[in-house]
Amino acid sequence: MSPELTAAPLAAAPLARAPFGDAAVSLEPGLHEQEMVINFGPQHPAMHGTLRLVMTLDGEKCRHIDPQMGYLHTGFEKLGEHRTWNQFIVVTDRMNYMSAMANNVGFALAVEELLGIEVPPRAQAIRVIMCELSRIGDHILGVGLQGMDLGAFTAMLWAFIEREKVYDVFELASGGRLTTSYTRVGGLAFDLPEDCPARIRAFIERLEPVLQEMEGMLSRNRIFLERTQGVGTFSRQQAIDWGLSGPVARASGLDRDLRRDRPYSGYEQYDFEVPVRTEGDVYARYLVRLAEVRQSLRIVEQALDRLPSGPVNAIGAKATLPDKDEVYSRMESLIQHFMLEMPGHGIKAPKGAIYHATETPNGELGWYIVSDGTGVPYRVRVRPPSLYQFQSIKPMAEGRLVADVVAIMSSLGVIAGELDR
Amino acid sequence: MTADAAAGPGGEPGFTPDFTFSIDGVTVPAKKGDTILKAGLRAGKFIPHYCWHPGLSIAGNCRICLVHATKTMPPGKPVIACATEVVEGMEVESDGPRTKELREGVMEFLLINHPLDCPVCDQAGECDLQQYSFDHGRETSRFEEEKTQRPRKDLGPLIRFVGNRCIVCTRCVRFCEEVAGTGELSVVNRGDASWIDTFPGVELDNPMSGCVADICPVGALLDKDSMHSTRVWLLRGTKSVCAGCATGCNVNVETFDEKVKRITPRENQAVNRWWMCDAGRLTWREATAPARVGAARIAGQEVPFARALERALELVRDASGGVVGLTTGFASNEELFTFQGLVGRGAIAAAFAPDGATFTSRDGFAIAADKNPNREGARRILGEGALGAAGQDAAIAALEEGKVGLAIVHDAAPGGAPWSPRLLAALGKAKARIVLALHETPANADALRGAAVVLPAAHATEKDGTFVNAMGRVQRVRPAVPPPAGARSDLDVLEELARAAALQPRVLSAAGVFRRLAQALPAQFGGLDYNALGELGRPAPGAGEALLGRGRPLPIVDGVRSGYEAGPVSRAPGRADDEQVRPSVHHESLVGYGTRRGDL
Amino acid sequence: MGNVHDHAHDHGHDHGHGAEEEEGAPGTTLADRTYIPAVMRGIKLTLARFLQPKATVQYPEESVYDRGSDDRAIGTQNPRLRGEHILVKDEQGREKCVACLLCMAACPALCIYIEPEAAPADWGPDRERRPKVFELDMLRCIYCGYCEEACPCDAIRLTPKLYQPTTSRLERVYDKQRLLENNQDAQVPQRPRK
Amino acid sequence: MSDWVVQAIATAVKAGLVIGIAMNIVPLLIYLERKISAYMQGRIGPNRVNLVLGDVRYLLPPSMRDAVPASLSRFKLIPGSLQPLADAVKLAFKEEIVPASADKVLYYLGPLVAFVPVATALAFIPFGTGTWDLFGTGHVIDLRIASADVGVLGLFAISSLGVYGIAAGGWGSGSKFPLMGAVRASAQMISYEVPMGLALLAAIATVGSVDTQAFVYEQATTWGGMGWLVFKQPLAALIFLVAMFAENNRLPFDLPEAEPELVGGYHTEYSGLKFALFFLGEYMAMILMCSLFVTIFLGGWSLPFVVDPSGTSGLNALASGLVFLAKIMLVLNFQVWIRWTLPRFRYDQLMHLGWKVMVPLALANLVVTAIVLHLAA
């Protein structure tokens, strides 16, 4: 930490009631310094969630940034040590609340790899659909929020309308909007309702005009361009050095997407492209997000076209709850149901550790899970993409204007819940 | 017993392998005469089993332990691991696809007639049927026909039988035959209509009948005492010792939400093998009995515990003249030692609950007639002079002299300690009296009446400390639940009093007191370390093999048939949670018996 | 809006590099430099939105489920919606719950507390247990539906009914009686498992 | 009655009228802004606060009451129209928080200074014809409060004082975000007064007077009544329009408030009625600037075939006032529309635009105007 940062707040003068005119005494320190330390957050309109940037300003110019986290620390990782494998899925909902489905799927996949369970193709396809829908929801809202932080409030609300429609689909399938808890280890909580594919199709068909509207508002808007182009530039090497992933890294020319490079859930079957840009600035991130929405639409369409039939839960792995009718009528099923639900029984993952990562809307969401052979994880460690993106704001925004810091911040797509875990 | 420490649960002291064989490619040492199952278990290779129990004879009727082995007759035929003796160089396959198929088949048969009772069955969670079905069975059932119906009935005062759940493994039948030696149970009928029943006109009422619920691998035999009260997965077990008699059975005190739900036996080959008596099972109800002293009192008025303790400390500080102490065989070694220090040169009288019913099972498990869990400890710490009539006489003499400033009464005995009426009358002569009491009953009412301070004493399920059982084995009793609201444990209180009397500089934990105790009394406790006592305890000096129930017989009084009438619970007048108990003669009679305790 | 369209449709072959360069970097034309095209385009778009139907749902009077299916993905009451719980009664009006405590075990939020007891004798031999105490702390509840999933007796269900506001925290702790009566008339289908 | 008495009374009435109408446009404007922004964003906007006048069925004879459905019978004003009133009541009852580190005098002075000059400057705005013969009594009433010959300059001078309020509030809050907001406001005000003044100069040169009524009269009488300066001086009008947005701190120039950056800018630390006063001042400034724009560039109260520029009838005067009001509302709505459409400039871009684009443009415009006028003369 720079000396200015520490010195200024500590040299607190007594808040004397000064006579009129002698403002030098009555005002808090920092106002009279050449450099002013200012707190962006944890309560600040541009800090989505409760993030905090301690900035040292020279006029409007930002000399130092000290990104600080911990204001939304919820102990999710610790909770993982006290919840069974399936119970932890409800916790993953609440990590990155912009894309709960993607988190659900990511965790379930990690546990399945640990257990060596193969998920039936229908469940895989539905998971892909849900992941991509959550990517659409996240990106479209992310783009809207980027607009909002630059003052274009209307675009943000348009984005919210579309995000609600994504949530409608989630609700239709899972019964929950924000906290979906849709996946289970070995499959899904339930199959899609019959009319759901048709409704998803209707939604994605109506999305394209909205995307064009958003673009019309922002993409070629000179004010927006001036605010975003060349702002917060990060080179490919910097993106690698700072551990970035997801749209932010791809906007810096890092051509990396786990869906393509290390396919899971049958992503290899789908034809899609990974949008990459080289500029590495806020505008490039915006464009990458918009382009990814279109790619996600393609994937959803393909997945809907070839949605396989069959069960949505792994049979024979003794990890998924049997059908309720069977539970009511068959002893073996009842026992399996009980064994999976009773604490201390249930899914017993073998001893060992695993790292499994998925490409969530924000980037590489990794799960490092250690199992000691009991019914609960020994350790659940999350690699949240937000963490790396949040810390990279320092090199990105130092030396720029306050308004740029806000623009950069919103382009990183940091979610405090995921960041602090 | 020197090899004792090495022998964990199921361990065998002095095991020397004769030869080796292999299970699933792992070489396993074995003794001549071992079965595959036993040798495998010893080596940590688990083979599922229902009917086999280490304490019972081999029946071989459940067939779940089927394995493939070489060197069997005829070769290639699956054999039951529980009944097949190993021979040198035998190769056993217990975890392969062939075995899996066998077990799957057996499980399917076992579950054909099993009712869909898991939601209401108290065994769920510790049920071998569930475990093996999940581990080895099919995922769904092919059975379409009607399930057979078998009766459900009370077999005895403590045991309920649910016939449909029974897999007729006959563990319970063999237990009554071979362990209890009473032989009440038998298999009746044949085929899929067979079930377990008592012989006509006989009840399953032997003093160890609760054990059949423990060993039942399914939910067919249930302990009515804890039935429908909770779920096993909620229970937290505390490894402790039963305070029901001088045997000192090792038990698990199982609690939920800071309430004891049941007590189950814990294997200790040196003390109680796998068993415990029914009376001991019910001792936890002493802690919730209405007679329990639940709150502290000053001069008969209920006050917060802290205030009463403050008053007691004042009394100790201001005490002038001699001190007399009364204690019981229910106090732990640490309490006794601190108490002794507190009373100092004053007279100490230790009272003991009178001998009660006894029972020695066919396999050597014994219910001691001595109902004090720590008479041996009191003898070792206080010396013979303080015990029984001699101690009481000394105390009476001191009190009647009129120079006693403070009498401290530590009455942790359920149902009240049996002081002689003379001693109780003489107590009034002390200037002040501090009483720690577990129960308030007619037996000790005189001691409580007129006491300056009454503090609630802790029950054995609330204590931290050690007991010495009749065989001289020092075993730890651990707190499973906290003492009544606001109260502190007896040891804490006594330590505080001793500090107030400037007898010692600081308050120590049970471990600390035990260390002092072991240093102060090397002949009685030398060489013992509190933390090294472990889960199974250690023999105290002088215990020796001879004391362990084989050489020297336990003091046994014959003549009381049922074990229920033997335990201290019988002296606890009334019980809380009565609605929890299924109506049965047994419990009613206990209540009635308890009120007549003074007649004993 | 022509150029907007062009830009919107180049995604197929736009692999990131230089789609803009081909058509000239956006916002660099002289017209763009005056900001006026952006303003006009924006005004046009917002005016179009001005005239379109609104997304707002007047919540207490109407819900998203009242909306036509053209507008939202949900046009009808969603039977899967995870709302308040009910305890189901059997044909004889007794609670189906047998206090197996699986829901209590499955609950990730630890919001259910049940004490079992033996069923009254007149309930017959088929019903051994029932809950003496069944408390559900709706404030702790996260409406994940795990209790319903765990129930082996179809005794607890989540209804699509969303909770009503209350004026005290205690009111949000539902006891057995309240759960039995809660929304009992509404036909709540059982959630599908597979 | 001597003319000066009549004029004095008339001035008092006019003052009351102007302030009253302006103050009443503010809630209307707030309501419109909320509604327009909501409709643009796919929302409905405020629609809950209504004046329910009871059940109109009770106006009918009892036998006919049941014929009208109950849902139709409850007469409501425009949905949500009382929302600004509710807001005002809410603000009035909110706790007044004064930061511990505030400079009390400046802190209390800020909202006042932001409000009063703006309200004062309205005195120079001609809201109707200057030739109304009062009910034929021969007393000619000029429909503006202060009939000063230097109206434009005076107006310009007084309205610029408003920024002192923002600066005082921002500085007096003793907080960092308001300070930044205040500094931004001052810099922005200075930067955009220049092009605005230059644009105005071109307009003044075209009209040849600094009297506001003269401006309107000139526009109403040339080019067949459509000689509005927006047609004669389009560039000056554009520059003035843009500068007007900046002066009013409206998007895309709302840097002094810039919520995502400065939380609330200069009024971050204000609450309750003091905040309401800032709010009021801001909207009054909008009205003032729009009035100025209408007066100078949009022909003021004039409209061909509706208002006779030199008519003396009362009807004509009323028509001129209504035309003026209508024009203001149009410009105000335009301002609202732009606000909810565009993103915000950055500080340096704002400066760049002000000094490097608009000032040279305005200067060039002035030079061209001068040359053209010289040649025409």
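Proteins come first, then strands; the chains are lettered A, B, ... in the order of their sequence lines, and each starts at number 1.
Dense packing is recorded around NZ of B/K45, with more than 12 heavy atoms of other residues, nucleotides or ligands lying under 6.0 Å away.
Side chains of B/C127 and A/F338 form no contact here, defined as non-hydrogen atoms less than 4.5 Å apart. Side-chain contact between A/L334 and B/P119 is present, with at least one heavy-atom pair separated by less than 4.5 Å.
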Distance-only donor-acceptor screen, chain B against chain A, under 3.5 angstrom:
| from | atom 1 | to | atom 2 | distance (Å) |
| --- | --- | --- | --- | --- |
| B/G125 | O | A/H345 | NE2 | 2.9 |
| B/F134 | O | A/K318 | NZ | 2.9 |
| B/G137 | O | A/K318 | NZ | 2.7 |
| B/E139 | OE1 | A/G316 | N | 2.7 |
| B/E139 | OE2 | A/G316 | N | 3.2 |
| B/E139 | OE2 | A/K318 | N | 3.2 |
| B/E139 | OE2 | A/Q336 | NE2 | 3.4 |
| B/T140 | OG1 | A/E326 | OE1 | 2.7 |
| B/S141 | O | A/R330 | NH1 | 2.9 |
| B/F143 | O | A/R330 | NH1 | 3.4 |
| B/E144 | OE2 | A/R330 | NH2 | 3.0 |

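Contact record, B/C118 with A/M331: SG-CE, 3.8 Å, taken as the closest heavy-atom pair. When all heavy atoms are compared, the tightest approach of A/I335 to B/L129 is CD1-O, 4.1 Å.
Most heavy-atom pairs under 4.5 Å with chain A: of the set B/I112, B/L111, B/L116, B/L234, this distinction falls to B/L116.
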